[in-house]
Amino acid sequence: MRTAILGPTQRAESLASMAERELDVLVVGGGVVGAGTALDAATRGLSTGLVEARDWASGTSSRSSKLIHGGLRYLEMLDFALVREALKERGLLLERLAPHLVRPVPFLYPLQHKGWERLYAGAGVALYDAMSMARGHGRGLPLHRHLSRRHALRVAPCLKKEALVGALQYYDAQMDDARFVATLVRTAAAYGAKVANRARVTGFLREGERVVGARVRDVEGGGEYEVRAQQVVNATGVWTDDTQAMVGERGQFHVRASKGIHLVVPKDRIHSTTGLILRTEKSVLFVIPWGRHWIVGTTDTDWDLDKAHPAASSADIDYLLEHVNSVLAVPLTRDDVEGVYAGLRPLLAGESDATSKLSREHTVAHPVPGLVVVAGGKYTTYRVMAKDAVDAAVHGLDLRVADCVTEDTPLVGAEGYRALWNARARIAARTGLHTVRVEHLLHRYGSMAEEVLELIASDPSLGEPLQAADDYLRAEITYAASHEGARHLDDVLTRRTRISIETFDRGTRSAREAAELMAPVLGWDEDRIEREVEHYEKRVEAERESQRQPDDLTADAARLGAPDIVPL
């Protein structure tokens, strides 16, 4: 079983190693595309580095709808190629690459018109299933089915009777997006990539017209490094234009940011055994099962303010509540909302003014020698984007390089996962944990759950749940800092776990306990613990204040009231 530890020691070693000798490929950007690119390059035998200015997946890749899907609505736009590609990737992730992280999720589509709508929507969903099966990777999901109104209300009693005349039910898949990226990074490291978060590129190294590497600042330790590489890949998502500006060259394309916000509400607020997909005037609205919660989203609006901390305004929240309440028998209120998060989609700028009409296709360009840029796309097709980026980089290498093998390279934790899942009752008996706890660990770590269990074996107190967030064990906090690259309290409460959106206190009641668990791993003293807790509380208060503001401008100003723990 391959594994890789992303602790503080390994991070320091990676930074030093990257500066010692020229790399074949340096990837800038630690979201899903950058992490996927590093894995692709490393598994082709290339010496590879990956740097991220903040935390892994701290931008778009931790703030999505958390779906792995073909994009049913793109069929209506006749974008068959994108749907076909995404369905293949969905199947690969479910069956081969990450069965521990990606799992099926059902959706109910309420029909509001008799006759024609069932034929129209039914044909689209039937085509969706057929395209999935045709790729040979759709057998892991049930086929769609047609439901009468009575049957649909049995499946989803939360719906108003008058909100539907019948329904369709189909399946897609979901994952924890930030956890997925952290696992990608660990997999790349397991295959030899040198990886470092909180390592910011401040400029590119040039020899004439050619880019030959990057200047990298260790945001934590303050050191400066010159990392030389034969090819540099810019995979910085919504920051693509900003990163390109460091080269001093006009980009061949531009990336626009589209803001999407999501609400998290407790499971008991919506009485349903299935997720929901609803049409809106601009796009679609999902109600997605999420453990003991529901995720409701998303919006799709242009955003040209702070990219690091997109803010959800009061108008955004009202928009989602209004649309979901149009079909719910018992409406949701502001008091039902546990968490809110906002993310930015990197869309390739086109002729349309509406971000919902901009392309979700991706583009790879080689604007100057030594530099590859990859942008656009959607989360589900990250592996294809990574392959295309590395293919472009290979053209600039004086090497014979193997073809992409990531289609057959499972992520760490996948190997042995199903065998451990079958043995979960025995594991529970051996460890003294409840079977539900073991299932929780297997869903989050796959076969690497054994590493978490080893921590508990050495210190039984780590087998206890967090006092104010009892879905998570104390060991998971320690493990996030020792094995998963978490450097700050915010990394753990927001991305390694989802405590920041899954509790009404937004994680503030868990902050001190979590910081004290991280302290021994990261060498924090009491002053540092206080600073981490204070910063987290200020961040939560700034987000709450932004969500009381009427529009984007005032929400952005309120959110920026809390500075980053490490100034960038």
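Only heavy atoms go into these numbers, but all of them, side chains included; no hydrogens, no water, no symmetry mates.
Distance CH2/Trp303 to CG/Asp556: 4.5 Å, rounded to 0.5 Å. Note that CZ of Arg198 and CZ of Arg54 are 8.0 Å apart. Values are rounded to the nearest 0.5 Å. Interatomic distance, NE2 of His100 versus OG1 of Thr183, reported as 5.5 Å (0.5 Å rounding). Atom OG of Ser64 is separated from atom NZ of Lys378 by 10.5 Å, given to the nearest 0.5 angstrom. Rounded to the nearest 0.5 angstrom, Leu489 CG and Arg528 CZ are separated by 10.0 Å. Atom CZ of residue Arg63 and atom OG1 of residue Thr298 lie 12.5 Å apart, to the nearest 0.5 angstrom.
In this structure, Ala562 and Ala542 approach most closely via the heavy-atom pair CB-CB, 3.6 Å. In terms of heavy-atom proximity, Thr478 sits nearest to Leu517 at OG1-O, 3.8 Å. Residue Met385 comes nearest to Gly377 through the heavy atom pair SD-CA, 3.8 Å, listed as atom of the first residue, atom of the second, then distance. Across Ala173 and Val102, no two heavy atoms sit closer than the pair CB-CG1, 3.8 Å. What you find for Val27 and Ala235 is that their closest heavy atoms are CG1-CB, 4.4 Å.
The shortest side-chain heavy-atom distance between Phe180 and Ile68 does not fall under the 4.5 Å cut-off. Residues Glu407 and Glu89 are not in side-chain contact: their nearest non-hydrogen atoms beyond the backbone lie 4.5 Å or more apart. Contact check for Leu344 versus Ser258: no side-chain heavy atoms found under the 4.5 Å cut-off. Between Arg215 and Tyr225 the shortest side-chain heavy-atom distance does not fall below 4.5 Å. Side chains of Arg179 and Glu484 form a contact here, defined as non-hydrogen atoms less than 4.5 Å apart. Lys194 places none of its side-chain heavy atoms less than 4.5 Å from the side chain of Leu50. The shortest side-chain heavy-atom distance between Glu502 and Trp290 falls under the 4.5 Å cut-off. Residues Leu87 and His69 fail the side-chain proximity criterion, which asks for heavy atoms closer than 4.5 Å.
Ring-plane geometry between Tyr445 and Tyr479 is classed as perpendicular, the angle between the planes exceeding 60 degrees on a 0 to 90 degree scale with a lower cut at 30. Note on ring orientation: taking the six-membered ring where Trp is involved, the planes of Trp421 and His443 are tilted (angle from 30° to 60°).
No donor-acceptor pair closer than 3.5 Å links the side chain of Ser482 to the backbone N or O of Val521. Side-chain atoms of Asp552 do not come within 3.5 Å of backbone N or O of Ala311 as any donor-acceptor pair. Using modelled atom types, no side-chain atom of Tyr74 and backbone atom of Ala81 make a donor-acceptor pair closer than 3.5 Å. Looking only at distances, a side-chain donor or acceptor of Ser447 sits under 3.5 Å from a matching main-chain atom of Glu415. For the pair Arg206 (side chain) and Val247 (backbone), a donor-acceptor distance under 3.5 Å is present. Between the side chain of Asp55 and the backbone N or O of Ser58, no donor-acceptor pair lies under 3.5 Å. In this structure, Asp403 contributes its side chain and Val405 its backbone to no donor-acceptor pair below 3.5 Å. Tyr379 contributes no side-chain N or O that, together with a main-chain N or O of Leu67, makes up a donor-acceptor pair within less than 3.5 Å. Without hydrogens or angle criteria, Gln10 side chain to Gly7 main chain gives a donor-acceptor distance under 3.5 Å. Under the 3.5 Å distance criterion, the side-chain polar atoms of Arg103 are left unmatched by any main-chain donor or acceptor of Pro99.
Residues Arg383 and Asp40 are not paired through a salt bridge, judged by the lack of any N-O separation under 4.0 Å between the basic side chain and the carboxylate. Using a cut-off of 4.0 Å between Lys/Arg side-chain N and Asp/Glu carboxylate O, Arg496 and Glu476 are scored as not salt-bridged. Asp391 has a carboxylate O that lies under 4.0 Å from a charged side-chain N of Arg44, or vice versa, which qualifies the two as a salt bridge. Classification of Lys259 and Asp316 as a salt-bridged pair holds, one side-chain N sitting under 4.0 Å from a carboxylate O. Salt-bridge annotation for Arg495 and Asp491: present, with a side-chain N of the basic residue lying under 4.0 Å from a carboxylate O of the acidic one. Salt-bridge annotation for Arg228 and Glu207: present, with a side-chain N of the basic residue lying under 4.0 Å from a carboxylate O of the acidic one. A salt bridge is defined here as a Lys NZ or Arg NE, NH1 or NH2 lying under 4.0 Å from an Asp or Glu carboxylate O, and Arg96 with Asp408 meets this definition.
Residues Thr236 and Thr243 bring a donor and an acceptor atom of their side chains to less than 3.5 Å of each other. A donor-acceptor pair shorter than 3.5 Å cannot be found between the side chains of Ser62 and Asp177. Checked by atom type, the side-chain pair His366/Gln231 shows a donor-acceptor distance below 3.5 Å. Side chain to side chain, Asp564 and His309 meet the donor-acceptor criterion of an N or O pair below 3.5 Å.
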*asked:* Using the rule given for side-chain contact (heavy atoms from CB on, under 4.5 Å), can you reason through Asp490 versus Arg539, listing the C-alpha separation, both sets of side-chain angles and the distance that settles it, and then say yes or no?
replied: CA-CA 9 Å; Asp490 187 47; Arg539 196 214 82 177; 2.4 Å; yes

Item to complete: Give the intermediate values and the outcome of side-chain contact (heavy atoms from CB on, under 4.5 Å) for residues Val32 and Leu184.
Response: CA-CA 8 Å; Val32 70; Leu184 264 181; 3.8 Å; yes

May I have the step-by-step check of side-chain hydrogen bond (donor to acceptor under 3.5 Å, both in side chains) for Thr380 and Arg90, ending in yes or no? CA-CA 7 Å; Thr380 303; Arg90 184 190 72 176; over 6 Å; no

### Query
Given the rule in the side-chain contact (heavy atoms from CB on, under 4.5 Å) test, do Thr363 and Val373 qualify, once you have shown the distances and angles that lead to the verdict?
CA-CA 8 Å; Thr363 294; Val373 187; over 6 Å; no

Q.
With salt bridge (charged side-chain N to carboxylate O under 4.0 Å, His left out) as the criterion, how do Asp218 and Arg11 come out once you've worked through the C-alpha distance, each side chain's angles and the decisive distance to 0.1 Å?
A. CA-CA 10 Å; Asp218 178 357; Arg11 176 183 174 277; 2.5 Å; yes

Could you go through Asp306 and Arg559, starting from their C-alpha distance and side-chain angles, then the distance that decides it, and tell me whether this counts as side-chain contact (heavy atoms from CB on, under 4.5 Å)? CA-CA 9 Å; Asp306 180 65; Arg559 175 60 186 88; 5.9 Å; no

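Cation-pi geometry between Lys66 and Tyr341 is satisfied (NZ or CZ under 6.0 Å from the ring centre, within 45° of the ring normal).
Residues meeting the salt bridge (charged side-chain N to carboxylate O under 4.0 Å, His left out) test with Arg186, sequence neighbours left out: Glu451.
Sorted by first and then second residue, the side-chain hydrogen bond (donor to acceptor under 3.5 Å, both in side chains) pairs with a member in residues 15-37 read Asp24-Ser47; sequence neighbours excluded.
Across Asp241, Asp302, Asp304, a single residue satisfies side-chain hydrogen bond (donor to acceptor under 3.5 Å, both in side chains) together with Arg256, and that is Asp302.
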